[in-house]
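Heads up, the thing below is written out as structure tokens.
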Amino acid sequence: MPRMRMNQAISAAIADEMRANPDVIVLGEDVAVAEGPFKTSAGLLEEFGPLRVRDTPISEMGFLGAAVGAAATGLRPVVEIMFVEFLGVALDQLSTEGAKFHYLSGGQVTVPLTVRASVGAGLGFGTQHSQTLESWVVGTPGLKLAVASGPATAYGLMRAAIRDDNPVVVLEPRRLYAQREEVTTGEAGIIALGQARQAASGDDATVVALGSTVGTATEAAADGSWSADVIDLQSLQPWDQDLVYASVARTGRLVTVEENPLSGGWGADVVAAVAADLFGELKAPPLRITAPDVPVPFGKELEERYMPSSAYVGEQITELLDTGRVPPPWWQREENTP
Amino acid sequence: MPRMRMNQAISAAIADEMRANPDVIVLGEDVAVAEGPFKTSAGLLEEFGPLRVRDTPISEMGFLGAAVGAAATGLRPVVEIMFVEFLGVALDQLSTEGAKFHYLSGGQVTVPLTVRASVGAGLGFGTQHSQTLESWVVGTPGLKLAVASGPATAYGLMRAAIRDDNPVVVLEPRRLYAQREEVTTGEAGIIALGQARQAASGDDATVVALGSTVGTATEAAADGSWSADVIDLQSLQPWDQDLVYASVARTGRLVTVEENPLSGGWGADVVAAVAADLFGELKAPPLRITAPDVPVPFGKELEERYMPSSAYVGEQITELLDTGRVPPPWWQREENTP
Amino acid sequence: MNTPLERREALQQDRQVRYERMVEIRALENKVQDLFDEGLVHGTTHLCLGQEAVAVGVAAAARVTDQVTCTYRGHGVALALGLTPVQLLGEILGREAGSIGGIGGSMHLCDPEIGLMPTFAIVGAGIPVAAGAALTAQVRGTDDAAIAVFGDGSTNIGAFHEALNLAAIWKLPVVFVCENNQYGEYSRIDLTTPVEDIACRAESYAIGGTIVDGQDPDAVAEAVSSALDHARSGGGPTLLELKTYRYAGHSRADTAPYRPDGEFESWYEKDPIVNFGRQLLDEGVLGENGIDEVQATVNARIDAAVELVLDSAPTPVDAMFAHVLAP
Amino acid sequence: MNTPLERREALQQDRQVRYERMVEIRALENKVQDLFDEGLVHGTTHLCLGQEAVAVGVAAAARVTDQVTCTYRGHGVALALGLTPVQLLGEILGREAGSIGGIGGSMHLCDPEIGLMPTFAIVGAGIPVAAGAALTAQVRGTDDAAIAVFGDGSTNIGAFHEALNLAAIWKLPVVFVCENNQYGEYSRIDLTTPVEDIACRAESYAIGGTIVDGQDPDAVAEAVSSALDHARSGGGPTLLELKTYRYAGHSRADTAPYRPDGEFESWYEKDPIVNFGRQLLDEGVLGENGIDEVQATVNARIDAAVELVLDSAPTPVDAMFAHVLAP
Ligand SMILES: Cc1ncc(C[n+]2csc(CCOP(=O)(O)OP(=O)(O)O)c2C)c(N)n1
Ligand SMILES: Cc1ncc(C[n+]2csc(CCOP(=O)(O)OP(=O)(O)O)c2C)c(N)n1
Ligand SMILES: [Mg+2]
Ligand SMILES: [Mg+2]
């Protein structure tokens, strides 16, 4: 099992799919010659040539739209949106065109498109380059959405996304690109979309995490005075109700750990579903641990506070278990309100 | 109290603010000479002239961006996005620029911008012109979001939005434009942003509705074998926790009625907050009544089925009260899954 | 009734069929307006009356394996490409017989067999998508091409600019066909667009830009053909501006009160059907009673289609759950 | 230390100050690189080394009441407009002393007093926003104007096209200043842009498009001035293409290995600071030791600013809760 960084795992996943299928192409700003601003397409131009690996002009609407058209006519484009915020200039092509083509062709046209985007805070990129923005994507029937939590899931989800016949968005927490771990490559490493993964086991709570917060939650669970199932959701649309429900049915407590602001965050969907369907099984109120409702601040210390840390996750869960009540978030304790 | 249609109420609200403040201007496609595709700017060009009421080229990114710039330098633009889907070609200016200017100026710049958009199904406009898409807007710190539920709230929210020093999105359920009611105009008719309204009172449940579903929920409550507080949320960001919590604390049951698909819908935020903060007070699981996770279909009968009807709301709530369990949605009963 | 493919082939081979198809488009659009006025059409609809030569010229020039994107004002292009009146009316009236089973309505047609990609209700959106279809041809090394058909008003939106730039730099085999019908919704083009001729915008991308008489199906077919040849031979994209005129209002109930007096009349002198009919008579392609015969054939066809569709099964409710995701 | 307004006025009045400001920009950018290499800068930063004449020329031509939008590569424009080295370094280093209190970082500067609108980290986004600032002037009937400063690569994005079209049709008092520094990130312009001169894109909007020597602050100031005059007198927008060159890589660690051999050297012969300094010496505006003196003054100022900022209070954590919403 090779040990690799997450950006290497992504490059490897794309390369493996490109080897397997000549229809897979790669588009994006500086993905070819420069091998991607985050080196997530290393070696691709060299191996697959300029017909299949292309640097684009700065025009996300244009090249994402072209990718939709290419996908609808037989290719399997992998498009890089360098920072997820740039979807703000291109969302129409993803959500209103690509996601609806299959429906609007009566099933005659498929759009096997993969849209990769880097997300999240922690590297000092500032307010316009540090959000996670799952909410822009999640309420769109016709789209799938997966989020990598490290090299192995990045590899496995990327390959599944490229093989899928639907438009799939894969979000890559930017601050994990340099993280290393052993990665099962090849067919065995592929992770089915819609399937979650149990990252740790325990009895006191079910902690559902996504992307960058999987590590945070796992660390918190390892340190804790309590033990929990930590579930790496991996896919957000669709999400794995079976695994989450089975765990909550056992632990009786649900906690979500989210890097996004509270409002509109993905955890609300999970909490709402569990509260509806497992009402009788809950021993404590569901707890969402999130960032505050503020734009992502610059500054190392501020950014670190903005994102839930493992210590903070640990404290919040401890208090939930101790009191049976949802503890106030750190900013309320410090009397800060956005 | 004049009786007016919702589009007339909107025109009146804008006109009243334009009279009160010469900085208010109106921009959009065919809002001037043609008085708006839905006649929501009737009389404005005539009264306020072409300097302040302007038809734009088809370029939502361009004119929304111009509105952000105008707002940041002292005007109070009211921008029409004809169908909310068109935000897909312009979201950057709303969410990544306008919403963050105040923050990114250290409070030196304000952006008193109002973005109006028509939303929703029911008029046969098809998949790309029938969504509600609150989810594109709601998770953005720095933005406010209000939704009209009829002529009176359209008037009151519009005036509040134009007066607000922040970017405010006001969504207008398209199929209510022709609805009539008496409208309190003038200062007394203004509705503070962030404040909900109790549309009906009762004991068995708290039914939280928004926009087009307010009428649906109120009708269901009037017919029902049960009685409920029906709350017209009016604002979604921020939303009125006080009113909702006070009601749920009394009724012990929460139901949201949403026109959007289940995934990513606004009701999840409300349910998650209530489940966390009023866990002990809930007598039954929270119920979300929504549209299915499918693109909005064309065809009168399909569209009508797509949107929750008052009969359906009535049945679902009845079953919740009878069984103490969340009833399956209609499509599950009919063994349809998207 | 012929299949879409047969209809397309006939049109490509035969100028009389092109004439007939223009007559069919007009008759069908008028029928849609009637059905709308009778309250039988749910929702909205955008007619291409007056623009028939564009549709037919494009379809005559394109190969069946070329891909075409067009807009909500796409009934004409769809029929010209080969979509049958039943497929079209079925869609507009929400029947299973519609080209996508009635789930889409007037703005959403599609038939991959004849190269009709899903049509677009978002202004400008089809332009980059056509570039993408051309990318497929380029990557696969076929000599297929793509065509984007869009309006004059759409040339002010970012997607137009981005698509042309991308296609130019990659020399994609795509032809950008701007139907300049003088209006975007209720606004005359000069109120929103500072240039007289949209073709001049080609210079921003160092590609060819040509003004074409959009009222003449032969001229359209020729211009599109030569742009397609250029594209197929690796020369990259071309922008064609087809000058034409929208006879009806923007959509359904719009009576176009904003039109200056006499404008409609002066364009009607250039009516594509009247003129092309006259030309085919002169050439002897149409016989003495040819015009009336074509009209009668077409009317019968449309009437039969309307009857068939009105009698056919409406789209069932559970169709909304199909094709959300590919398996 | 002078206030931003004083700094701006001095620059507008005095060509020697313009020279000094260019030297300051360069010294400051070099210092930012040093601080970055020392690990003191969190995040990323985009230097405008080589492009100093653009910044200074624009600031010299603009009134203080004109509004300017610029990009993440905006340190130079900000300093030229009057932002102090302390405000800039404070922002980059995340201190309360920063122009927005350190909450934004290198890409997010702002000072309304000198017309510096919040700077943009999204390519193209500032272009329509500048058109909007011009709209305010037009609606209010002042004769202020707006200026958008953006890169060559940004002219391929939709917002550029939409903003120019809108400004043209409304004759907004705005000047579009394209800093053509030959690269967008790691891609040479000819890989992404099919035209040689971006100025030609003005024709798509029937507005003036002019190529300007972006290495000469006088030429820049003159071109911007005359475009501003045109704008103020109701003539509408102008597109200026300022040919210049980015000495550093795109951001932080990029060493620009993709540059062809000799390219940097040939541009360095046109170095704006060297050339303008020489010119001012020739003209006698600078005395014999003027160059060294200016450098010494600037160095001292920057060193003092760095010291002051490094000793100053970091942005407190609770600052993230301020200014999310206006009261
Ligand atoms: C992005 C977007 N903005 C606005 C609209 C509303 N709209 C529909 S058609 C139309 C006019 C388009 O004009 P043109 O491109 O000239 O095409 P035509 O209708 O004349 O064929 C507008 C503004 C839309 N569908 N999409
Ligand atoms: C919409 C968007 N796409 C991509 C980027 C990433 N990006 C940042 S700078 C840059 C290059 C811009 O080139 P140019 O406009 O020439 O400006 P320069 O950096 O040369 O000043 C790119 C692609 C972005 N910030 N925004
Ligand atoms: Mg038109
Ligand atoms: Mg550049």
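What's counted below: heavy atoms across the whole structure, side chains too, no hydrogens, waters or symmetry copies. Numbered from 1 within each chain, the chains take letters A, B, ... in sequence-line order.
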Residue [X] versus chain B: region with a heavy atom under 4.5 Å:
| X | answer |
| --- | --- |
| D:Ala130 | neither |
| D:Thr119 | neither |
| D:Gln138 | both |
| D:Ile169 | side chain |

Considering only heavy atoms and a distance below 4.5 Å, find which of D:Ala134, D:Ala163, D:Pro118 pairs most often with chain B. D:Pro118
Only pairs of heavy atoms separated by less than 4.5 Å count here; which of D:Leu135, D:Thr69, D:Leu164 has the most with chain B? D:Leu135
Interface check, chain D: of B:Gly74, B:Pro167, B:Ala67, B:Pro141, most non-hydrogen pairs under 4.5 Å belong to B:Gly74
Spatial distance of atom [atom1] ([X]) from atom [atom2] ([Y]) [nearest 0.5 Å]:
| X | Y | atom1 | atom2 | answer |
| --- | --- | --- | --- | --- |
| B:Leu27 | D:Trp170 | CG | CH2 | 4.5 Å |
| B:His102 | D:Ile100 | NE2 | CD1 | 11.5 Å |
| D:Ile103 | B:Ser105 | CD1 | OG | 11.5 Å |
| B:Phe63 | D:Glu162 | CZ | CD | 8.5 Å |

Write down the atom of [X], the atom of [Y], and the distance for their closest heavy-atom approach.
| X | Y | value |
| --- | --- | --- |
| B:Thr73 | D:Gly132 | OG1-O, 4.3 Å |
| B:Leu104 | D:Cys110 | O-CB, 3.7 Å |
| B:Ala72 | D:Met117 | CB-CE, 3.7 Å |
| B:Leu143 | D:Leu325 | N-CD2, 4.3 Å |

Please classify the contact of [X] with chain D as side chain, backbone, both or neither, using a heavy-atom distance under 4.5 Å.
| X | value |
| --- | --- |
| B:Ile25 | side chain |
| B:Thr110 | side chain |
| B:Thr56 | both |
| B:Asp164 | neither |
| B:Leu64 | neither |
| B:Asp92 | side chain |

May I ask you to check whether B:Tyr103 and D:Phe321 place their ring centers less than 6.0 Å from one another? no
Quick check: does any side chain N or O of [X] sit under 3.5 Å from a backbone N or O of [Y], one acting as donor and the other as acceptor?
| X | Y | answer |
| --- | --- | --- |
| B:Gln93 | D:Ala125 | yes |
| B:Asp165 | D:Ala326 | no |
| D:His323 | B:Gly106 | yes |
| D:Arg140 | B:Asp23 | no |

Would B:Arg54 and D:Val139 count as a side chain to side chain contact (heavy atoms under 4.5 Å, CB included) here? Give the steps. CA-CA 11 Å; B:Arg54 295 178 180 234; D:Val139 170; 4.0 Å; yes
Could you check D:Ile122 against B:Glu97 for side chain to side chain contact (heavy atoms under 4.5 Å, CB included), going step by step and ending with a plain yes or no? CA-CA 8 Å; D:Ile122 304 294; B:Glu97 318 305 335; 3.2 Å; yes
What do you reckon, is CD of B:Glu46 surrounded by more than 12 foreign heavy atoms closer than 6.0 Å? no
Got a sec: does the NZ of D:Lys171 have more than 12 other heavy atoms crowding it under 6.0 Å? no
